[in-house]
Q: 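Supplied in structure tokens, the structure appears directly below.
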Amino acid sequence: MELNDINRLIDKYFEGETSLAEQRTIASYLATEERLPKEHIPIKAMFEAMGELKTIQAPQPQPKRRGISLSLIRHIAVAAACVVAVIVVATRTMTSTTLHTEPMIICYVDGARVDDQQKAEDEMRRILGNMNENVTLAMARIDKVNLLKTK
Amino acid sequence: MKNETQYIELVSELRNTIYRLVLSITSDSAEAEDIVQDVFERIWLIRDKVLNSTFPRAYACRIAHNLAIDRERIKKRRQTFSVNDEITTNDITISAELSDIASITQQAIASLPEKQRLAIHLRDVEGYEIEEIAEVLGCDNTSVRMNLSRARSSVRERITEVLNYGVKRY
């Protein structure tokens with residue numbers, strides 16, 4: 001091919017007007033011509049590069065992972081953390097509420113309400129202790145009576 | 001049944017094309033693979049429309065292009081708001097196995113405006129007809145040629161720079 005003809009084709013290429021067949025002609029000239037004019041060297045590089053880009057192949061398809069996506073896992077983790085936080089706060093609030101507003105032991109001493117837990121426990125032990133002593137004495141008397149009856 | 005066979009043929013024919021097209025936009029092969037799968041899932045859902053269109057492969061390319069662009073926009077938005085993550089740029093080599101000049105050409109194409117990038121990729125890499133490219137770009141044949149002209153001139157300029165002055169970063 002004459003240099004003038006190839007130059008005309010190359011100009012046409014850069015005007016966006018070449019057909020695919022004409023582009024193949026240009027490519028063939030650039031690939032085979034041993035003494036290229038200096039201005040054709042970048043064009044040769046360009047055509048070679050395009051050819052090389054065409055060789056890129058898609059990797060073999062992998063089965064798409066069907067499952068929970070990462071963003072969904074993130075959302076679930078945040079929601080779970082919120083639920084745990086609510087439970088912890090509610091439990092502590094309830095526990096704290098129970099300790100401070102609902103006394104475990106209430107008693108009345110001489111008609112007066114005793115809310116102080118330590119005082120209430122002490123009073124309870126005292127009463128139970130008295131009861132125990134009285135029951136022991138009563139049991140001892142019963143035994144004594146029974147012993148006298150058998151004699 | 002017939003549609004399924006045609007769909008499978010289309011996938012086989014276009015798999016590499018779609019991958020290369022998406023890769024030219026995302027510059028990330030793992031992401032490109034992912035997008036390719038999404039593209040073919042989408043095509044499956046509207047396979048009747050795609051297969052009965054005038055240019056089925058152009059239609060498929062359009063879907064691929066739009067999906068890839070959307071993903072890139074989302075990625076860029078995330079990078080903007082990220083405080084600790086390193087922001088990656090497009091000046092790294094996209095495909096390590098390509099020669100230097102092919103990598104530079106790939107980067108030069110990637111840096112073109114959207115329509116020019118699509119036009120030169122589909123014409124000079126994939127060998128599509130002007131009418132098909134017009135279908136993908138959503139414009140007429142004259143606009144395709146104009147975009148081709150500008151794209152080719154830009155790429156040649158970049159390659160000339162590199163050959164004359166060595167590799168430069170964008």
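Throughout, protein chains are lettered first and strands after them, A, B, ... in sequence-line order, and every chain is numbered starting at 1.
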Q: Chain A heavy atoms under 4.5 Å from B:Val125: which part of the residue, side chain, backbone, both or neither?
A: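 For B:Val125, heavy atoms of backbone and side chain both lie under 4.5 Å from chain A.
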Q: Please classify the contact of A:Ile43 with chain B as side chain, backbone, both or neither, using a heavy-atom distance under 4.5 Å.
A: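 When you check distances to chain B, only side chain atoms of A:Ile43 fall under 4.5 Å.
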Q: Among B:Glu72, B:Arg71, B:Arg73, which residue meets the side-chain contact (heavy atoms from CB on, under 4.5 Å) test with B:Ile69?
A: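 Answer to the side-chain contact (heavy atoms from CB on, under 4.5 Å) test with B:Ile69 among B:Glu72, B:Arg71, B:Arg73: B:Arg73.
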Q: Go through the atoms of B:Arg20 and report whether side chain, backbone, both or neither lie under 4.5 Å from a heavy atom of chain A.
A: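 Only the side chain of B:Arg20 comes within 4.5 Å of chain A.
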Q: Using the rule side-chain contact (heavy atoms from CB on, under 4.5 Å), only one of B:Ile104, B:Asp124, B:Leu112 pairs with B:Val155; which is it?
A: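 The single option meeting the side-chain contact (heavy atoms from CB on, under 4.5 Å) with B:Val155 is B:Leu112.
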Q: Name the option with the most non-hydrogen atom pairs under 4.5 Å to chain A; the candidates are B:Asn16, B:Asn147, B:Leu148.
A: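 So the answer, after comparing B:Asn16, B:Asn147, B:Leu148, is B:Asn16.
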Q: Closest approach of B:Ala68 and B:Ile35, non-hydrogen atoms and distance?
A: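 Looking at all heavy atoms of both residues, the closest pair is CA-CD1, 4.0 Å.
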Q: Using non-hydrogen atoms only, which part of B:Arg123 is less than 4.5 Å away from chain A: side chain, backbone, both, or neither?
A: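 Both parts, backbone and side chain.
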Q: Can you tell which part of A:Gln23 gets under 4.5 Å to a heavy atom of chain B, answering side chain, backbone, both or neither?
A: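 It is the side chain, since no backbone atom gets that close.
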Q: Please give me the minimum heavy-atom distance between B:Ala58 and B:Val136, naming the atom from each residue.
A: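 Scanning both residues completely, I find the closest heavy atoms to be O-CG2, 3.2 Å.
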Q: Take the angle between the ring planes of A:Phe47 and A:Tyr13 and call it parallel below 30°, perpendicular above 60°, tilted in between.
A: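 Taking A:Tyr13 first and then A:Phe47, their aromatic rings sit tilted (interplane angle of 30° to 60°).
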Q: At a 4.5 Å cut-off on heavy atoms, which part of B:Glu126 comes close to chain A: side chain, backbone, both, or neither?
A: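 Both backbone and side chain.
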Q: Just checking B:Glu157: does its CD atom have more than 12 heavy atoms from other residues, nucleotides or ligands closer to it than 6.0 angstrom?
A: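 Atom CD in B:Glu157 is not packed in, count stays at 12 or less.
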